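Below is one structure, written out as structure tokens, with a few remarks after it.
Owing to the predicted nature of the structure, the values given are computational and were not obtained by experimental measurement.
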Amino acid sequence: MAGRFAPRPARTATVRGGLAGLPAQGGAPRPGKARDWVPDGPLDLGLVLGPLRRGPGDPTFRATPDGSVWRASLTPVGPGTLRVAARGGRVRGEAWGPGAEWLLDRMPELLGAGDDPAAFTPRHRLLAMTWHRTPGLRLGRTGLVLESLIPSVLEQKVTTLEAYGAWRLLVRRFGSPAPGPVPAGMFVMPAPRTWALIPSWEWHRAGVEDKRAATVLRAVRVAARMEEAAGMEPAAARARLEVVPGVGPWTSAEVVQRSHGAPDAVTVGDLHLPGIVGFALAGDRGADDAEMLRLLEPYAGQRHRAARLILLSGRGPGRRGPRMAARGIAEL
């Protein structure tokens, strides 16, 4: 019976990076609170905001065929949705929900207004070529910690497909619909208390074993202290995050790259990044963390930007075997 009378799904269209839902009402979205901002140089919304998307089916993120990017966030003053679009050197932001003003006030920082690309000096031909080919790259700052911390914890020790699937299922099941006339299927992530009340079997249903679930629960119990880290320097913020058992250097780096736009927060402990950096800069596909850090030493202060440019260059070692297979909850 429920299936017979299910609502008709919104139209979808394929865009770069995944399937994006079009606004259900079929026309331009109703105006919310708005702001215009003029960046001081080239700006590529896809490059700047892309790291905030957790997979093509992320319920908190949409890229639509008109070039707009939508984000649903849980701000300190409540849920909000932000839509940004770049036209003729100007960025137009519209926002809805209790967090609308908060999102609009911080839109320039989100889009890299506080970043200084000129501080980077490429010292390798590959980096120089990629740097000149991507002038719109900026390191944005969300000013929010938990929205990056929780999905980063879910990405520990599993494949990206497993992590993205867990994030998608949990946000859709326990989050709230994004405010405003948004593309179909957008949700705001759950509040800290809601995360804390998710029963164990729901974590298992999402493919999240007890260790990662326990780390998320420990973090949300001190949510206020975690969010305070957004106002700290990246090094101090990482130290604050790593006080939580289960949050180590890999996770804290992944968080401050997004919450702070930290240009030097290179990810250590990643399964693939050392080999990619080693192969790109020295032809060494077997590089470990120590060798990666040695190769990135000339970019001290800008090591995360250097790693981003290497990833954007598309130069990496070829696969030697099949992808890691997804595992069941019992194996985890």
Side-chain angles (χ1 to χ4, degrees), residues 23 29-40 43 45 48-54 58-64 68-86 90-115 138-152 167 171 174-183 186-196 219-220 222-234 236-237 240-241 254-262:
R30 296 189 303 273
K33 295 181 179 179
R35 173 180 183 177
D36 288 328
W37 175 64
V38 179
D40 60 0
L43 180 68
L45 291 180
V48 177
L49 298 177
L52 303 180
R53 185 182 66 174
R54 305 292 180 156
D58 186 348
T60 70
F61 190 106
R62 288 289 187 277
T64 50
S68 300
V69 176
W70 299 71
R71 291 192 69 240
S73 298
L74 184 63
T75 76
V77 294
T81 303
L82 175 68
R83 171 185 178 264
V84 292
R90 180 183 299 270
V91 176
R92 176 73 169 179
E94 290 183 280
W96 297 265
E101 289 188 9
W102 192 95
L103 291 169
L104 289 174
D105 287 345
R106 289 156 181 80
M107 184 181 74
E109 284 194 352
L110 175 70
L111 300 179
D115 186 31
R138 297 288 186 275
L139 302 181
R141 174 191 179 103
T142 67
L144 298 168
V145 172
L146 283 180
E147 77 167 23
S148 293
L149 176 57
I150 293 173
S152 294
W167 172 251
V171 171
F174 298 101
S176 57
V182 299
M186 287 197 70
F187 285 82
V188 176
M189 80 168 199
R193 178 171 172 78
T194 304
W195 284 109
V220 298
V222 290
R225 297 287 286 167
M226 293 292 97
E227 293 296 352
E228 285 176 2
M232 301 177 176
E233 290 298 315
R240 168 71 63 87
L241 296 176
E254 291 287 310
V255 173
V256 299
Q257 289 167 7
R258 297 165 173 83
S259 61
H260 291 66

Minimum heavy-atom distance Met232-Arg240, with the two atoms named = CE-NH2, 2.7 Å
Go through the steps for Met226 and Leu241 under the test side chain to side chain contact (heavy atoms under 4.5 Å, CB included), then give the verdict.
-> CA-CA 7 Å; Met226 293 292 97; Leu241 296 176; 3.6 Å; yes
Pairwise distance OG(Ser68) to CZ(Arg62) - rounded to 0.5 angstrom = 14.0 Å
Identify the two heavy atoms, one from Pro151 and one from Trp167, that lie closest to each other, and give their separation to 0.1 Å.
-> CD-CZ3, 3.6 Å
Look at the side chain of His260 and the backbone N and O of Ala229, then say whether any donor-acceptor pair between them is shorter than 3.5 Å.
-> yes
Under the side chain to side chain contact (heavy atoms under 4.5 Å, CB included) test, residues paired with Ser176 that sit two or more places apart = Val188
Find out whether Leu49 and Phe61 are in side-chain contact, i.e. whether some heavy atom of one side chain is under 4.5 Å from a heavy atom of the other.
-> yes
Tell me, do Val38 and Val91 make a side-chain contact under 4.5 Å, heavy atoms counted?
-> no
Between CZ on residue Arg54 and CE on residue Met189, distance to nearest 0.5 Å | 11.0 Å
With sequence neighbours excluded, tell me which residues meet side chain to side chain donor-acceptor pair (under 3.5 Å) with Asp36.
-> Arg92
Under the salt bridge (charged side-chain N to carboxylate O under 4.0 Å, His left out) test, residues paired with Arg35 that sit two or more places apart = none
Test item: Trp70 and Thr60 side chains (from C-beta on) under 4.5 Å apart, heavy atoms | no
Whether Thr81 side chain and Ala178 backbone form a donor-acceptor pair below 3.5 Å | no
So which heavy atom on Val256 is nearest to which on Pro234, and how close?
-> CG1-O, 4.2 Å
Looking at Ala230 and Val145, what are the two nearest heavy atoms and their distance?
-> N-CG2, 3.8 Å
So CZ of Arg71 and CG of Leu82: to nearest 0.5 Å the spacing works out to 7.5 Å
Under the side chain to side chain donor-acceptor pair (under 3.5 Å) test, residues paired with Ser148 that sit two or more places apart | none
Point-to-point distance, once rounded to the nearest 0.5 Å, from CD of Glu147 to CD of Glu227 | 8.0 Å
Quick one: closest heavy-atom pair of Pro190 and Trp195, and the distance?
-> O-NE1, 3.0 Å
Closest heavy-atom contact between Ser152 and Val255?
-> OG-CG2, 4.1 Å
Value for CG (Leu144) from CG (Leu74), rounded to nearest 0.5 Å, stands at 8.0 Å
Glu233, CD: over 12 other non-hydrogen atoms inside 6.0 angstrom = no
Those residues that, when tested against Asp115, pass side chain to side chain donor-acceptor pair (under 3.5 Å) (two or more places apart) | Arg305
Show the atom names and distances, to 0.1 Å, of all donor-acceptor pairs under 3.5 Å that link a side chain in residues 98-112 to residues at least two apart or in another chain.
unit_1: Glu101; atom_1: OE2; unit_2: Lys33; atom_2: NZ; d: 3.0
unit_1: Arg106; atom_1: NH1; unit_2: Trp102; atom_2: O; d: 3.4

